[in-house]
Structures are given as C-alpha cells and as structure tokens.
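Right, one structure below, let's go through it.
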Amino acid sequence: MSLFFLRKIRSFTIIPYFCRMKKKDFAIYTLGCKLNFSESSDITRRLTEIGCVLSDKPDFIIVNTCAVTGSAEKKARNFVSKLHRENPESQLIITGCYSALQSEVVKKWEGVSRVFGNRDKLNIINYINGEESNPIPIFFSTYSSHDRTRSFLKIQDGCDYHCTYCTVCIARGESRSDSIENVLKNIEKIHQTGLKEVNLTGVNIGDFGKGREDCLYDLLLSIEKQHLMERVRISSIEPNLLRDEIIDLVAQSEIMMPHF
C-alpha cells in the first residue's frame with residue numbers, strides 16, 4: 001500500500017479498517033483446581049474482548065499451573081516442554097501456583113517468554129496487548145463461562161492456616177474475599193449468559209468476609225434472596241467453618257445443593 005493511498009484513507013478516517021494490527025492468536029491450558037479454571041476462563045473472556053482469538057496455531061500459549069503435589073509440578077514442567085516442542089514459534093506464558101512458588105526455576109524452562117504469579121496473572125492481558133503492567137487489586141473476581149451448564153465463581157482466595165503439608169498459603173497468599181455486592185453482580189452476569197448453576201469457589205470459602213463484618217452466611221442469605229440461579233453449589237469449605245445457620249439455610253433452600 002503506497003504512502004499516498006494511506007494519506008487518502010486517513011482523510012476519510014477508514015485507516016483503522018485497512019491497517020489495523022494483525023489479531024493476536026492465543027491458547028490457554030489449565031492444570032489443577034476449579035479456582036484455576038475460573039481464572040483461566042476469565043482471562044480468555046478478557047482477551048477475546050480486546051480482539052484476540054483462540055487458535056490451534058497461537059502466537060501466545062498460556063499455561064495456568066498447579067503445585068499441590070510433586071507430581072503436579074512434574075506434570076507442569078513436562079507439559080510446558082511438550083508445548084514448546086510442538087509450537088516453537090509461540091511465546092509461552094506461565095502462571096499459577098507453581099510459577100508463584102518457583103518463578104526463577106520456571107524462567108529457565110526452555111521456550112518460556114514470561115512468568116506471572118497468581119497475584120498479577122491479570123497482567124497477562126496487558127502483556128499480550130503490548131501494554132505496561134498495571135497494579136492488581138488485593139482481590140480480583142473471576143468466573144467461568146465456557147461450561148455448558150455451570151459457572152465457577154471465585155468469591156475468595158488465599159489461606160491463613162499454614163498447614164505444614166500444604167504450599168497453597170504461600171502460592172496464593174493470605175485469605176481475602178470479594179464483596180457481597182460484587183458477588184451478586186457477577187451472578188447476574190452469569191444468569192444473563194443462560195447458565196443455570198453457579199459453583200462458589202475459592203481456596204477456603206468458609207473464610208469469606210474475614211476481616212470484615214460480613215461472612216459466608218450473609219453471602220449465602222443474599223444469594224438465596226436474589227434467587228436468580230436454579231442451583232448453587234458450595235465448594236472448598238473446611239468443616240470447622242460450617243456454622244449451624246449455614247447448614248440450616250442450605251437444608252431449607254430451594255436452590256442450594258444439600259451437600260458440602
């Protein structure tokens with residue numbers, strides 16, 4: 001295209017249509033829990049909103065890793081190596097729990113272009129879009145939207161218990177949670193997609209509201225009153241955090257599944 005033609009198009013303000021940058025193709029793989037799945041789905045949605053396209057021949061490959069066990073760490077390493085062999089031209093972006101725990105190790109893996117922890121994984125969108133990283137809030141909410149029947153809605157993250165056998169408190173940080181208002185807004189968005197079920201997820205959702213005046217019971221009561229979803233499931237809760245009022249509410253509810 002000649003410079004003259006460019007100038008001519010610019011005078012008619014059509015240049016973005018003819019000269020826009022090539023769409024960036026990406027693929028994303030999730031290892032581990034439903035919390036990771038929720039965050040991967042949210043990243044996918046945000047990338048497609050800025051014009052990126054899911055592809056079998058991607059410019060960028062995102063791997064959301066797990067680190068609950070030694071075998072999970074080995075699986076992540078082997079999987080990333082396999083992806084690099086099959087896609088030598090793609091930029092590999094590693095995030096998730098293993099990258100949070102062993103970022104310097106992951107940076108040395110062959111083919112890895114960039115490493116993000118759990119706290120800053122939303123900056124993957126900025127990185128792919130060629131923008132500077134932004135400060136990430138202490139808690140960022142996510143929900144999945146690619147399942148046929150249910151959405152995994154993140155309402156809490158992190159853990160304060162520091163059990164000797166578990167690295168999640170290190171990989172995910174201290175316990176923190178969304179606001180009831182924002183959870184209800186996200187459920188409205190999920191309802192508008194046509195999904196009939198929401199699965200409340202986090203590292204330990206029994207700690208929802210910790211450090212504030214509200215708690216998990218208050219959230220469940222608000223969801224019950226909102227009554228938008230046909231089914232609500234409660235996941236990732238420790239027995240010692242199940243209060244009698246939560247059990248009574250679930251037992252009497254028409255939308256909350258009667259199990260934990």
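Without hydrogens or angle criteria, Asn36 side chain to Leu31 main chain gives a donor-acceptor distance under 3.5 Å. The backbone N or O of Asp59 lies less than 3.5 Å from no partner atom in the side chain of Asp25, so there is not a single donor-acceptor pair. Proximity of a side-chain donor or acceptor of Ser235 to a complementary backbone N or O of Leu200 within less than 3.5 Å is detected. The backbone N or O of Arg45 sits less than 3.5 Å from a side-chain atom of Thr48, completing a donor-acceptor pair. With hydrogens and angles disregarded, a donor-acceptor distance shorter than 3.5 Å links the side chain of Asn87 to the backbone of Leu83. Between the side chain of Ser38 and the backbone N or O of Lys34, no donor-acceptor pair lies under 3.5 Å. Under the 3.5 Å distance criterion, the side-chain polar atoms of Arg233 are left unmatched by any main-chain donor or acceptor of Arg231. Between the Thr30 side chain and the Asn64 main chain, no donor and acceptor come within less than 3.5 Å of each other.
Listed here is the closest heavy atom pair of Ala100 and Ala171: CB-O, 3.7 Å. Closest non-hydrogen pair, Leu35 versus Gln156, comes out as CD1-O, 4.4 Å. Looking at every heavy atom in both residues, Leu220 comes nearest to Met256 through O-CE, 3.0 Å. For the pair Ile237 and Ile234, the tightest heavy-atom approach, listed with the atom from each and the gap, is CG2-CG2, 4.3 Å. The two atoms that bring Ser144 and Leu195 nearest to each other are O-CD1, 4.4 Å, heavy atoms only. A pairwise comparison of heavy atoms in Ser141 and Asn186 identifies OG-ND2, 3.4 Å as the closest pair.
Annotation: cation-pi pair Lys82/Phe79 absent, no NZ/CZ under 6.0 Å from the ring centroid and within 45° of its normal.
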>> Under the criterion side chain to side chain contact (heavy atoms under 4.5 Å, CB included), I'd like the reasoning laid out for Gln226 against Glu188: C-alpha separation, chi angles, the key distance, then a yes or no.
In response: CA-CA 9 Å; Gln226 186 187 37; Glu188 287 181 8; 3.5 Å; yes
> Under the side chain to side chain contact (heavy atoms under 4.5 Å, CB included) criterion, do Phe152 and Lys154 qualify, and how do the steps go?
Replying inline: CA-CA 7 Å; Phe152 292 91; Lys154 172 184 169 184; over 6 Å; no
> When you look at Leu92 and His84, which way does the side chain to side chain contact (heavy atoms under 4.5 Å, CB included) test go after all the steps?
Replying inline: CA-CA 8 Å; Leu92 282 171; His84 178 57; 3.8 Å; yes
> Would Ile93 and Ile128 satisfy side chain to side chain contact (heavy atoms under 4.5 Å, CB included), going step by step from the backbone distance to the final call?
Replying inline: CA-CA 10 Å; Ile93 301 171; Ile128 291 178; 3.9 Å; yes
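Cluster annotation: Ile223 and Tyr217 are assigned to the same hydrophobic cluster (Ile/Leu/Val/Met/Phe/Trp/Tyr, side-chain heavy-atom contacts under 4.5 Å, transitive). Hydrophobic clustering (ILVMFWY, side-chain heavy atoms < 4.5 Å, transitive): Leu47 and Val53 are in distinct clusters. Linking ILVMFWY residues whenever their side-chain heavy atoms come closer than 4.5 Å, directly or via other members, places Val198 and Leu249 in the same cluster. Residue Ile62 is grouped with residue Tyr127 when hydrophobic side chains (ILVMFWY) are merged at heavy-atom distances under 4.5 angstrom, including chains of intermediate members. The cluster map of Ile, Leu, Val, Met, Phe, Trp and Tyr, joined by side-chain heavy atoms under 4.5 Å apart, puts Val232 and Leu221 in the same cluster.
With rounding to the nearest 0.5 Å, the separation of SG in Cys97 from CD in Gln102 is 12.0 Å. Interatomic distance, His162 NE2 to Glu174 CD, rounded to the nearest 0.5 Å: 9.0 Å. Atoms CD1 and OG, on Ile124 and Ser40 in that order, are 8.0 Å from each other to the nearest 0.5 Å. Here the CD1 atom belonging to Ile136 is positioned 11.0 Å from the CZ atom belonging to Arg119, to the nearest 0.5 angstrom. The CD atom of Glu131 lies 10.0 Å from the CG atom of Asn123; values are rounded to the nearest 0.5 Å. Atom CG of Asn78 is separated from atom OG of Ser71 by 11.0 Å, given to the nearest 0.5 angstrom.
Using modelled atom types and a 3.5 Å distance limit, the side chains of Asn118 and Lys121 yield a donor-acceptor pair. A donor-acceptor contact closer than 3.5 angstrom links the side chains of Ser81 and Arg85.
Applying the 6.0 Å contact sphere to CG of Leu54 captures more than 12 heavy atoms from other residues, nucleotides or ligands. Crowding of Asp56 atom CG: a count of heavy atoms from other residues, nucleotides or ligands under 6.0 Å not exceeding 12. More than 12 heavy atoms of other shown residues, nucleotides or ligands fall within 6.0 angstrom of atom CD in Glu86.
Here the rule is side chain to side chain contact (heavy atoms under 4.5 Å, CB included) with Cys159, and of Ile170, Asp207, Val203 only Val203 fits it. With Leu153 as the partner, the side chain to side chain contact (heavy atoms under 4.5 Å, CB included) test is satisfied by one option alone out of Thr142, Thr201, Ile190, Asp178: Ile190.
Between Gln91 and Arg114, the closest side-chain pair of non-hydrogen atoms is not below 4.5 Å. Side-chain contact between His191 and Met229 is present, with at least one heavy-atom pair separated by less than 4.5 Å. The shortest distance between side-chain heavy atoms of Val106 and Val80 does not fall below 4.5 Å. Residues Phe26 and Thr44 form a side-chain contact, since some pair of their non-hydrogen atoms from C-beta on lies under 4.5 Å apart. You'll find the side chain of Asp218 stays beyond 4.5 Å of the side chain of Phe208, heavy atoms only.
Taking the six-membered ring for Trp and thresholds of 30 and 60 degrees, Trp109 and Tyr98 have nearly parallel ring planes, at less than 30 degrees apart.
Between Arg212 and Glu181 there is no salt bridge, since no side-chain nitrogen of the basic residue lies less than 4.0 Å from a carboxylate oxygen of the acidic one. Ion pairing between a basic and an acidic side chain is recognised when a charged N comes within 4.0 Å of a carboxylate O; Arg46 and Glu49 show no such pairing. Between Asp160 and Lys210 there is a salt bridge, since at least one side-chain N of the basic residue sits less than 4.0 Å from a carboxylate O of the acidic one.
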